[in-house]
J.: 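Questions regarding the structure given below will be posed in turn.
Letters A, B, ... are given to chains in the order of the sequence lines, protein chains preceding strands, and every chain is numbered from 1.
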Protein chains: 2
Amino acid sequence: MNDSDPRATRTGRPRSTAADAAILEATRASLVDLGWSKLTMSDVANRAGVAKTTLYRRWAGKNELVVDAVAVLFDELELPDRGSLAADVQGVVLQFAALLERPEARTALMAVVAESTRDDSLRLRIRSAIVDRQKRLVLLGRERAQARGELRYEDDSSAAARNADLIFDVIAGAVVHRTLVSAEPVDSAWASGFTSLLLLGLAGAQAG
Amino acid sequence: MNDSDPRATRTGRPRSTAADAAILEATRASLVDLGWSKLTMSDVANRAGVAKTTLYRRWAGKNELVVDAVAVLFDELELPDRGSLAADVQGVVLQFAALLERPEARTALMAVVAESTRDDSLRLRIRSAIVDRQKRLVLLGRERAQARGELRYEDDSSAAARNADLIFDVIAGAVVHRTLVSAEPVDSAWASGFTSLLLLGLAGAQAG
DNA sequence: TTCCTTACGCTACGACCCGTAGCGTAACTG
DNA sequence: CAGTTACGCTACGGGTCGTAGCGTAAGGAA
């Protein structure tokens with residue numbers, strides 16, 4: 001979470017895991033009530049019933065705290081096998097969209113990404129805590145589609161990786177842009193339109 | 001810019017247009033040097049050689065100021081006719097990407113979008129100042145492709161609008177996500193891969 | 001138990017930014 | 001000329017930041 005290496009047996013009073021949970025919960029609550037820009041460390045500390053200094057002992061600042069607080073939302077992401085690539089893609093799209101409907105995520109995600117444009121360590125933290133959790137759904141969906149015979153197994157592994165990155169940016173980017181920039185709902189009609197566009201593109205790429 | 005209705009002939013001392021330009025220029029410079037989060041109204045005022053109160057007389061706050069400061073970058077967007085839909089799409093993608101390479105835009109765009117999730121008037125301001133300027137390129141590209149015979153003229157106008165919105169979210173979203181979230185470069189290789197994926201999808205939609 | 005070590009709560013602090021009020025002056029109009 | 005609006009400047013209360021210092025709490029080791 002924040003400690004680089006919590007060596008198993010250490011002397012002294014251990015950190016309160018209850019405080020950890022309370023702080024992250026309080027951070028999400030504060031995001032809902034106040035939004036990113038008005039969230040303050042003092043407010044989070046008050047909500048968590050914890051001293052402000054305790055926050056700073058664990059997180060360098062607001063950026064890191066919010067990333068960790070929002071990251072757990074992405075653990076809920078799942079990809080049940082819906083039987084076809086089209087159904088799986090639509091499932092991923094609707095899950096991303098549902099996540100972006102939550103006010104904690106809406107206000108926090110773009111903000112931390114914006115911060116990360118000037119903070120490499122924050123960018124890496126976001127990648128491992130959030131982006132990789134999303135991307136694994138795309139990789140899983142591809143594997144399934146290959147097992148079904150809907151997609152070819154690619155022999156050039158680096159090209160395959162580039163391809164997966166492209167698909168991921170297209171899916172996640174489109175959903176985020178639709179939700180937060182265009183500010184229009186990702187309903188099942190939009191999801192199916194997007195899915196068919198993407199799948200027709202993939203089918204065309206398979207063909208020639 | 002900020003005044004709702006600058007009725008032509010007004011009495012009193014007119015607002016300095018030189019100050020307007022200096023302020024917006026100073027805002028971009030501050031974005032480059034400090035980034036969104038560390039930009040302050042006082043710093044902008046100092047750079048512009050203007051009193052802080054002058055800023056507040058024209059803009060409600062940092063959000064509105066930065067939107068206007070960055071909006072002019074999107075005026076540079078053009079879409080020369082490159083002879084085919086594929087070339088035009090690739091042109092748009094590379095232009096968006098070049099814009100997102102600029103540090104003012106990188107740090108400001110996601111930040112104001114994040115703010116707009118809790119501020120409807122800011123969202124509308126972003127839409128008219130930035131998003132619509134991008135979207136018009138997509139609409140222009142579609143018209144040209146239709147004139148060339150690469151795309152059909154759609155009879156259902158509301159479906160056509162939904163389709164254009166979808167394409168726009170896909171293009172802009174993918175480029176933004178690739179650049180700011182994945183933090184990978186949008187080079188011509190990626191642009192051509194993305195373009196062919198999109199065009200194959202569109203071709204498939206035309207067919208069946 | 002008694003030390004040792006680390007975590008916690010609390011208070012206080014200087015530094016900074018915010019947004020506004022008040023005032024005298026500058027610029028333009030009729 | 002008088003009237004009106006914009007500007008620069010100063011000053012202010014209110015808020016957040018991040019840290020230091022201290023006494024206390026909660027574990028492990030001798």
J.: Which one, dC28(C), dC17(D), dC10(C), comes nearest to the side chain of Pro14(B)?
T.: dC28(C)
J.: Spell out yes or no: do the side chain of Lys52(A) and the base of dG9(C) have one donor N/O and one acceptor N/O closer than 3.5 Å?
T.: no
J.: Looking only at atom types and distance, does a side-chain atom of Arg118(B) sit under 3.5 Å from a main-chain N or O of Glu115(B), one as donor and one as acceptor?
T.: no
J.: Without decimals, in angstroms, what is the distance between Asp43(A) CG and dG14(D) P?
T.: 20 Å
J.: Between dG9(C) and Arg57(A), counting only base atoms on the nucleotide and side-chain atoms on the residue, is there a donor-acceptor pair under 3.5 Å?
T.: yes
J.: Is it the case that the base of dC18(C) and the side chain of Thr40(B) share a donor-acceptor contact (distance under 3.5 Å, atom types as modelled)?
T.: no
J.: Take Trp36(A) and Met110(A), measure what side chain to side chain contact (heavy atoms under 4.5 Å, CB included) needs, and give me the verdict at the end.
T.: CA-CA 10 Å; Trp36(A) 161 268; Met110(A) 289 296 97; over 6 Å; no
J.: The side chain of Arg10(B) is closest to which nucleotide in this list: dT5(D), dG27(D), dC18(C)?
T.: dT5(D)
J.: Of all the nucleotides listed (dA21(C), dA20(D), dA25(D)), which has the minimum atom distance to the side chain of Thr53(B)?
T.: dA21(C)
J.: To the nearest 0.5 Å, how far apart are CG in Leu166(B) and NE2 in His177(A)?
T.: 12.0 Å
J.: Can you check the Leu65(A) CG to dG18(D) P distance for me, whole Å?
T.: 12 Å
J.: Side chain of Arg127(A), backbone of Asp132(A): donor and acceptor closer than 3.5 Å?
T.: no
J.: Rounding to an integer number of Å, can you tell me how far Ile23(A) CD1 sits from dA7(C) P?
T.: 13 Å
J.: Looking only at N and O atoms, is any donor in the side chain of Ser42(B) or the base of dC16(C) less than 3.5 Å from an acceptor on the other one?
T.: no
J.: Send over the distance from Tyr56(A) OH to dC10(C) C1', rounded to a whole Å.
T.: 16 Å
J.: What is the distance, rounded to the nearest whole Å, between atom CG of Leu55(A) and atom C1' of dG9(C)?
T.: 13 Å
J.: Between the base of dA6(D) and the side chain of Arg15(B), is there a donor and acceptor pair under 3.5 angstrom?
T.: no
J.: If you look at every heavy atom in Ala129(A) and Ala71(A), which pair is closest and at what distance?
T.: O-CB, 3.7 Å
J.: Starting from the 5' end of DNA chain C, give me the residue, Arg13(B) or Gly61(B), whose nearest nucleotide shows up first.
T.: Gly61(B)
J.: How long is the line joining CG of Leu34(A) and C1' of dT16(D), in whole Å?
T.: 13 Å
J.: Between dA6(D) atom C1' and Trp59(B) atom CH2, what is the distance in whole Å?
T.: 14 Å
J.: Which whole-number value in Å describes the distance from Asn46(A) CG to dG9(C) P?
T.: 12 Å
